[in-house]
K.L.:
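My structure is below; once you've seen it, I'll send some questions.
Just so you know, these numbers come straight off a predicted model, no measurement behind them.
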Amino acid sequence: MDTARRRASRGARQLDLAPAEFGVLELLLTSRGRAVSPQELLERVWDEAPTRSPTP
């Protein structure tokens, strides 16, 4: 994985990944086996905070 050029490969084969796919792959690889929550995916890959219901 080349994070500077945002390219990934498997063996000698270059992977054709969309930007979000690359972001998910990068996050999972850098998490080193740690579980990644859906909220963390939204925040770190899509740069969105999870929506919360208003408190009554």
K.L.:
Test of understanding: with side-chain contact (heavy atoms from CB on, under 4.5 Å), list the residues that count as partners of Arg32, not counting sequence neighbours.
P.N.:
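Residues passing side-chain contact (heavy atoms from CB on, under 4.5 Å) with Arg32: none at all.
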
K.L.:
For Ser9 versus Gln14, what's the shortest heavy-atom pair and its separation?
P.N.:
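It is CB-CA, 4.1 Å.
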
K.L.:
Once rounded to the nearest 0.5 Å, what's the spacing between atom CZ of Arg6 and atom CG of Leu17?
P.N.:
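These two atoms lie 9.5 Å from each other.
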
K.L.:
Once salt bridge (Lys or Arg N to Asp or Glu O under 4.0 Å) is applied, do any residues pair with Arg44, and if so which ones, sequence neighbours excluded?
P.N.:
Glu40

K.L.:
Just distance, no hydrogens or angles: give the donor-acceptor pairs under 3.5 Å from side chains in residues 21-31, sequence neighbours left out.
P.N.:
| unit_1 | atom_1 | unit_2 | atom_2 | d |
| --- | --- | --- | --- | --- |
| Glu21 | OE1 | Ala18 | N | 2.7 |
| Thr30 | OG1 | Glu26 | O | 2.9 |
| Thr30 | OG1 | Leu27 | O | 3.2 |
| Ser31 | OG | Leu27 | O | 2.6 |
| Ser31 | OG | Arg34 | NH2 | 3.4 |

K.L.:
Taking salt bridge (Lys or Arg N to Asp or Glu O under 4.0 Å) as the test, write out the residues that go with Asp16, two or more places apart.
P.N.:
none

K.L.:
Only counting residues at least two apart or in another chain, list the ones meeting salt bridge (Lys or Arg N to Asp or Glu O under 4.0 Å) with Arg10.
P.N.:
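Salt bridge (Lys or Arg N to Asp or Glu O under 4.0 Å) list for Arg10, sorted by chain: empty.
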
